[in-house]
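Single-structure report; data block below.
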Amino acid sequence: MGAGVGAGRRRRGTAAGLFGAALLMAGTVLTSGGAYAQPSPPPGGHSAGPGEDDGREGDKKGDHGKGGQDAGDRGKGDHGNGKRSGDDGSRHPADPGASSGPTGAGGAAGAAGGASAPSGSGSPVARPAPAAATVLASVDAGPAAGLPTTQGLQQALAAALADKNLGTVTFAVADAAGDQLLYGSGENTPATPASTTKLATSIAALSLIPGDTRLTTRVVKGANPGEITLVGGGDPTLTALPADQVQIGGLPADADTTPASLDALARQTAAALKAAGTTTVKLDYDLSLYAGNPQHKNYDAANIPLVVPLMIDEGKIDPKSREDAPARVADPAGAAADGFAALLKAQGITVDGKAKLAAAPAAATAPVLGRVDSPTIARLVERLLTTSDNTLAEAIARQAALAAHQPAGFEGAATAVKQELTRLGVPMAGVVLNDGSGLHPDNAIPPAVLVQLLALAASDQHPTLRPVLTGLPIAGFTGTLGKRFGTGSGAADAAGLVRAKTGTRRGVNTLAGTVVDADGRLLTFAVMTRTDADADAARAAMDRIVARLTTCGCH
């Protein structure tokens, strides 16, 4: 390790000091070239906050509840008040075999990322999140910092990989700045990805849809006088909460992450109706954007609601709930329409009778009475990854389906994701996708494919994919890693140096992301396990594997 190790340790020591500078630099780093305009995240732009229960994946209904899905794989509460009504830059929903030892892998060039808001929850010591530039930027440490070798990685990881809590483990480690898979075991063997499926969903969506696209909820005039239609645009983060009650991940929303407001939509609609001399209307709602059965195979009215293009507060019964798997309404679209009718009444508009499902899609030329827009697709992708939001992941998967001209249902979304990943050059042998969130028990992805997805997100050939990296939780600080890599875990030294997507089902644990080694080199990794051991013990054992990469150059 020699001089390279010292340099790497000095680099880690400067991480907190560089935090302020990284905040100023983040916009420049993330401004993309290429085909699509890519907005840069603001300071604190991520949606995770203190005390994210996703760090305990497996608690409550995670390992023991119906469906066996972890907290990190459940839709977290994302609320907000829209301030984008009439934004001229807004857009409508987008429509446009096992082996061991090292093998070659697809490459990645430099990664870049924006700063994340620290959570502090579960951290060894109270400190700000490290500079994004330190954790995510491509590292050119010079000739002294050679690539980790297979032998070096074998020696460094042997003890951690022997932990019996892991059960059956497959993994891959690669150089993020090159095209070389450095070390792996069973790296080409398909395994249950759980919520790391969201990496595939996010990559495909960002490749298919301009990152500045917003999801629009509209109200239009109906076919007959006195009729209006609430048109679902696929935005599950639309909120009914007042502005002063809006939080995302326990923190106030900022300008870039604030969801659209149902109240703002009602105010616009009421104003337009009154201007036309109308004070009584019949209301229906249009769900024609999506296709197929809205019920997930593992539906339990907690991990995920019915997946429909119209809902408020992700279908939660209590929109302020921070529960791992909050209770969901039985009819998300009907509840949203009823909430909208109540808000219209508060504005002096009477809704005659109960809102009902529209008999036919709203006419494309129907006059618009009001509209509100979600945050951009880029920001939504960051949020769904940080908090492992199932509901939002399925919504984004359907936007990918629409962009790929597939039916916007579970099957069409999975087809769109697979087709786009194939087009991007991802090896799809052994990959099975049945949803966009990872709740489905029959999904399968090999570790080498997860590493390849991360390589694409890091590549300077695909700058529009960068929100995948900036959305990854930071070890010990944010989202589903906020309560991992803490004191007593045996992995605390890696806090702040690892960004990774988590995934858990009963007996299954996955972790895939990026890590900075002792020489300051950025590596990508994927670890996938199946075990009967306690979920917390299994996750801690996985964290120790990744932590070992931060303490050596592995030459």
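Note that the coordinates shown come from a computational prediction; the quantities given were computed from them, not determined experimentally.
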*asked:* Tell me whether the NZ or CZ atom of Arg398 lies within the 45° cone about the ring axis of Phe410 and under 6.0 Å from its centre.
replied: yes
_Stepwise side-chain hydrogen bond (donor to acceptor under 3.5 Å, both in side chains) check, Lys418 with Thr415_ = CA-CA 5 Å; Lys418 288 184 288 188; Thr415 297; 5.2 Å; no
If I compare all heavy atoms of [X] with all of [Y], which pair ends up nearest, and what's the gap?
| X | Y | answer |
| --- | --- | --- |
| Ala500 | Phe525 | CB-CZ, 3.8 Å |
| Ala194 | Thr510 | CB-OG1, 4.4 Å |
| Leu385 | Pro467 | CD1-O, 4.3 Å |
| Gly234 | Leu215 | O-CD1, 3.3 Å |
| Pro447 | Thr170 | CG-OG1, 3.4 Å |
| Met528 | Pro446 | SD-C, 4.1 Å |

*Considering residues at least two apart in sequence or located in another chain, which fulfil the ring-ring contact (aromatic ring centres under 6.0 Å, His included) criterion with Phe340?*
none
*Could I get the full list of ring-ring contact (aromatic ring centres under 6.0 Å, His included) partners for His462, not counting sequence neighbours?*
none
*Might you confirm whether atom NZ of Lys297 has over 12 heavy atoms from other residues, nucleotides or ligands at distances under 6.0 Å?*
no
*Take atom CD in Gln347; do more than 12 heavy atoms of anything else shown fall under 6.0 Å from it?*
yes
_Residues Leu369, Leu273; criterion side chain to side chain contact (heavy atoms under 4.5 Å, CB included); working and verdict_ = CA-CA 8 Å; Leu369 301 173; Leu273 289 170; 4.0 Å; yes
Indicate yes or no: at least one non-hydrogen side-chain atom of [X] is less than 4.5 angstrom from one of [Y].
| X | Y | value |
| --- | --- | --- |
| Arg505 | Thr192 | yes |
| Leu344 | Thr269 | yes |
| Lys221 | Ile228 | no |
| Gln406 | Glu411 | no |
| Thr376 | Thr213 | no |
| Pro305 | Glu314 | no |
| Val281 | Val351 | yes |
| Met311 | Thr391 | yes |

For the backbone of [Y] and the side chain of [X], can you confirm whether one donor and one acceptor N or O come within less than 3.5 Å of each other?
| X | Y | value |
| --- | --- | --- |
| Asn224 | Glu227 | no |
| Arg328 | Ala302 | yes |
| Asp338 | Ala355 | no |
| Thr257 | Asp254 | yes |
| Thr386 | Arg383 | no |
| Ser321 | Asp318 | no |
| Asn293 | Gln295 | yes |

*Give me the one residue out of Leu287, Ile312, Leu306 that meets side chain to side chain contact (heavy atoms under 4.5 Å, CB included) with Pro332.*
Leu306
*Criterion side chain to side chain contact (heavy atoms under 4.5 Å, CB included) against Thr217, the qualifying member of Leu262, Leu265, Val231*: Leu265
Approximate separation, where rounding is to 0.5 Å, of [X] [atom1] and [Y] [atom2]:
| X | Y | atom1 | atom2 | value |
| --- | --- | --- | --- | --- |
| Thr201 | Ile396 | OG1 | CD1 | 9.5 Å |
| Lys316 | Arg322 | NZ | CZ | 8.0 Å |
| Leu424 | Leu465 | CG | CG | 7.0 Å |
| Leu472 | Ser202 | CG | OG | 9.0 Å |
| Leu343 | Lys345 | CG | NZ | 12.0 Å |
| Leu392 | Ile304 | CG | CD1 | 10.5 Å |

*asked:* Pair Thr216, Arg371 - check side-chain hydrogen bond (donor to acceptor under 3.5 Å, both in side chains), show working.
replied: CA-CA 7 Å; Thr216 298; Arg371 60 175 286 169; 3.2 Å; yes
*Do Thr387 and Thr480 pass the side chain to side chain contact (heavy atoms under 4.5 Å, CB included) test, and can you show the C-alpha distance, the side-chain angles, and the key distance before you say yes or no?*
CA-CA 6 Å; Thr387 60; Thr480 59; 5.9 Å; no
*Can Glu382 and Thr470 be said to form a side-chain hydrogen bond (donor to acceptor under 3.5 Å, both in side chains), step by step?*
CA-CA 7 Å; Glu382 286 182 327; Thr470 56; 2.4 Å; yes
*Is the shortest distance from a Lys or Arg side-chain nitrogen in Asp286 or Arg218 to a carboxylate oxygen in the other one below 4.0 Å?*
no
Return a table of donor-acceptor pairs under 3.5 angstrom between the side chains of residues 425-435 and protein atoms on other chains or two or more places apart.
| unit_1 | atom_1 | unit_2 | atom_2 | d |
| --- | --- | --- | --- | --- |
| Asn434 | ND2 | Asn443 | OD1 | 3.3 |
| Asp435 | OD1 | Gly438 | N | 3.0 |
| Asp435 | OD1 | Asn443 | ND2 | 2.8 |
| Asp435 | OD2 | His296 | NE2 | 2.7 |
| Asp435 | OD2 | Ser437 | OG | 3.4 |
| Asp435 | OD2 | Leu439 | N | 3.1 |
| Asp435 | OD2 | His440 | N | 2.8 |

*Would Leu208 and Gln399 count as a side chain to side chain contact (heavy atoms under 4.5 Å, CB included) if you check the C-alpha gap in whole Å, the side-chain angles of each, and the deciding distance to 0.1 Å?*
CA-CA 9 Å; Leu208 285 163; Gln399 294 299 321; over 6 Å; no
*asked:* Applying side chain to side chain contact (heavy atoms under 4.5 Å, CB included) to Lys320 and Gln247, what does each step give before you reach the verdict?
replied: CA-CA 8 Å; Lys320 298 184 199 176; Gln247 291 190 340; over 6 Å; no
*asked:* For Ser374 and Arg379, which I'm curious about, is there any donor-acceptor pair between the side chains at under 3.5 Å?
replied: no
